[in-house]
Number of protein chains: 2
Amino acid sequence: MRRTKKERQEHLQETIQANPFVTDEELAGQFHVSVQTIRLDRMELSIPELRERIKYVAERNMDDEVRSLPIEEVIGDIIDIELDKSAISIFDVKKEHVFTRNGIARGHHLFAQANSLAVAVINDEMALTRKADIQFTRPVREGERIVAKAKVIRTEKLQTIVKVSSFVGSELVFRGEFSMFRAPLPDKEGQDETGN
Amino acid sequence: MRRTKKERQEHLQETIQANPFVTDEELAGQFHVSVQTIRLDRMELSIPELRERIKYVAERNMDDEVRSLPIEEVIGDIIDIELDKSAISIFDVKKEHVFTRNGIARGHHLFAQANSLAVAVINDEMALTRKADIQFTRPVREGERIVAKAKVIRTEKLQTIVKVSSFVGSELVFRGEFSMFRAPLPDKEGQDETGN
DNA sequence: CCGATATTAGGACTAGGTACTAAAGTTAGT
DNA sequence: ACTAACTTTAGTACCTAGTCCTAATATCGG
């Protein structure tokens, strides 16, 4: 049996923190006091009622949802390109590209920039990534500008090897070797009669 | 003025989707119908009441909180996770994920799903991708659902190897081995003195 | 015009509260 | 031991955002 009011209130705070979905009635049961006592406690601790708590949690979630998805169509701006030879793009790391926890850019954005560039440099109707071997050599932070440089290493029948190096200033932050599948014309062997 | 019931219900669905925090009364005002009509509509469309909707959103958020890294930064929906062991996520390929040219999903989306999953599965404050070795084994098309399965292979001091395999149905479409750098967050002299 | 469908109105009830008053129970101080 | 202060419990009225149900109108198509 919990004894003092203070102890109970501390415990209450923790309990609600851990599980905001608990009703006063449930809490009253747990602490062997009346619901009124729980309510007084909540007031003294300025803990809002169940519905407000839930709403608060939900609202935080909604904020995040808005900025969760987008990897834009074109990742980075291509500033120079010589088809089947080389290409350069830049990409500015903004708030939406980094982990909120530590401000470090999420890897897939660096990958996306590099991969997009590898696709763009190929002078064919179709270019698909088959394989990639990549390394993140230094974390990139919000506000930094990444310059990606792609270089076509060699081309075989249906395959092209592209190397991409990304820099922030003079520092290498990412390096990747992409094996791209290329095809002159989309010979649609698959039916599209489904409409989509 | 909206005319048919059907139109109104479609609009209703979208409205609630966009903002789950709206009450029947507000909706009735917006659509120039009575609250009862809104309630009938909700029933026909099996849209739960405001509080249930909020709760649902909040619960999704709580699930996230349990994990070390916030889920909103994950590409795809995590449907199962066992920290430091394995995780599964799904990702539906939509129009915005494919090349308009050929309807094939852009590689970086598959990468993003897999990489996110590799990050999520790691039970530490910080997880960064250091290296990845990936293969795209089959093109993925619009409308297909990708199921990514991550498996933690081994953990060393500061490094964890995660293998991710992505499937459409039973077909392997992507495979990757991620070398993740992990670390407990650089200190945070947290002040939780919320006494006021 | 009739019948079906759609809309509106109203009442009874619910959960999970707030706000308030009032009565007890408990504890401390002298 | 006795009073004052604090703490807990009880009970009432009221609130929101609904559910569930019945019944009365409106509107539309054949």
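A, B, ... follow the sequence lines: proteins, then strands. Residue 1 opens every chain.
B:Arg53 comes within 4.0 angstrom of nothing in the nucleic acid, heavy atoms only. When heavy atoms are screened at a 4.0 angstrom cut-off, B:Val33 is found touching the sugar-phosphate backbone but no base atom.
Whole-Å rounding puts the A:Glu44 CD to D:dC6 C1' distance at 11 Å. At whole-Å resolution of the value, NZ in A:Lys55 and P in D:dA17 are 8 Å apart. Note: CD (A:Gln9) to C1' (D:dT8) measures 12 Å, nearest angstrom. Computed from coordinates, the A:Leu50 CG to D:dA17 C1' distance equals 14 Å when rounded to whole Å. Atom CZ of B:Arg42 and atom P of D:dA17 are 12 Å apart (whole Å). Rounded to a whole Å, the CG atom of B:Leu27 is 14 Å from the P atom of C:dT8. Taking atom CZ on B:Phe31 and atom C1' on C:dT7, their separation rounds to 16 Å, with Å as the unit. Rounded to whole Å, the distance from CD1 on A:Ile38 to C1' on C:dG17 is 14 Å.
Nearest to the side chain of B:Leu40, among D:dA17, C:dT8, D:dT8, sits C:dT8. Listed candidates were C:dA6, C:dT18, C:dT8. Nearest to the side chain of B:Arg8 is C:dA6. Of the candidates C:dG16, C:dT8, D:dT9, C:dT8 carries the atom nearest the B:Ser34 side chain, counting heavy atoms from C-beta on. Of all nucleotides listed (C:dT18, D:dA10, D:dG18), C:dT18 comes nearest to the side chain of A:Asp24.
Of the two residues near DNA chain D, A:Gln36 and B:Ile47, the one whose nearest nucleotide lies more 5' is A:Gln36.
Distances shorter than 4.0 Å separate none of the side-chain N or O atoms of A:Arg39 from OP1 or OP2 on D:dT9. Between B:Thr37 and C:dT7, a side-chain N or O to OP1/OP2 separation shorter than 4.0 Å is absent.
Using modelled atom types and a 3.5 Å distance limit, the side chains of A:Gln159 and A:Ser179 yield a donor-acceptor pair. For the 3.5 Å distance criterion, the side chains of B:Thr15 and B:Gln30 fail to qualify, holding no donor opposite an acceptor.
Test B:Phe178, B:Phe136, B:Phe174, B:Phe91 against B:Phe111 for ring pair (Phe, Tyr, Trp, His ring centres under 6.0 Å) and you get one pass: B:Phe178. None of A:Arg182, A:Arg154, A:Arg130 except one satisfies the side chain to side chain donor-acceptor pair (under 3.5 Å) rule with A:Thr160; the exception is A:Arg182. Screening A:Thr23, A:Ile16, A:Asp24 against A:Ile38 for a side-chain contact (heavy atoms from CB on, under 4.5 Å) leaves a single residue, A:Asp24.
One N or O donor and one acceptor, one from the side chain of A:Arg51 and one from the base of C:dG16, sit under 3.5 Å apart.
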